[in-house]
Amino acid sequence: MAITSLMTDEAVLVELGQRLARARLSQGITQEQLADAAGVSKRTVQRLEDGTPAQLANLIRCLRALGRLDALDVMLPSDGPNPIDLLERRGHPRQRARPGVAEPTPAKPWTWGDEQ
């Protein structure tokens, strides 16, 4: 089943739990083996697979143990590079947004005024 914005939070948790269970079963490991590999309790794996609210860190541990942590990168990809960073990497200096405005000239160094 596809996860859509029309689903309740509970339905999304259940779907994610079912997907986690399918990933575990496709590798032929038990909940206890996954729990040991992930460093969590068997009950935590059961909760995740049942769709019971659980800590995100526990899901991350289970995905890592299953070799599926990269699925999070697909789910929430990082932002691309900043356009200004791209220009600077190409060697183009950043230009002012308003054309015709000159850069300020550097002022003389400040002094107390009593030096001669």
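Because the structure is predicted, anything quoted here is derived from the model rather than measured.
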Chemist: Closest approach of Thr30 and Gln33, non-hydrogen atoms and distance?
Modeler: N-OE1, 2.8 Å
Chemist: If hydrophobic clusters are built by linking Ile, Leu, Val, Met, Phe, Trp and Tyr wherever their side-chain heavy atoms come under 4.5 Å apart, do Leu13 and Leu72 end up in the same one?
Modeler: no
Chemist: To the nearest 0.5 Å, what is the distance between CG on Leu25 and CD on Gln18?
Modeler: 11.5 Å
Chemist: If hydrophobic clusters are built from ILVMFWY residues whose side chains come within less than 4.5 Å, do Ile3 and Leu48 share one?
Modeler: no
Chemist: Using side-chain heavy atoms (C-beta onward) and a distance below 4.5 Å, is Leu63 in contact with Asp70?
Modeler: no
Chemist: Got a second to check how far Glu10's CD is from Thr52's OG1, nearest 0.5 Å?
Modeler: 11.0 Å
Chemist: Any side-chain heavy-atom pair from Val45 and Lys42 closer than 4.5 angstrom?
Modeler: no
Chemist: Tell me whether Val74 shares a hydrophobic cluster with Ile60, the cluster being built from Ile, Leu, Val, Met, Phe, Trp, Tyr side chains joined at under 4.5 Å.
Modeler: no
Chemist: Show the numbers, then the answer: is there a side-chain contact (heavy atoms from CB on, under 4.5 Å) between Glu15 and Val12?
Modeler: CA-CA 5 Å; Glu15 178 62 25; Val12 172; 5.7 Å; no
Chemist: Please collect all side-chain hydrogen bond (donor to acceptor under 3.5 Å, both in side chains) contacts where either partner lies in residues 20-29, sequence neighbours excluded, each pair once.
Modeler: Arg24-Glu49
Chemist: Please check if Leu59 and Met75 belong to a single hydrophobic cluster, counting links between Ile, Leu, Val, Met, Phe, Trp and Tyr side chain heavy atoms closer than 4.5 Å.
Modeler: yes
Chemist: So which of Val40, Thr44, Leu69 actually passes side-chain contact (heavy atoms from CB on, under 4.5 Å) with Cys62?
Modeler: Val40
Chemist: Can you establish whether the number of heavy atoms outside Arg19 located under 6.0 Å from its atom CZ is more than 12?
Modeler: yes
Chemist: Can you hop from Met1 to Val14 via hydrophobic side chains spaced under 4.5 Å?
Modeler: no
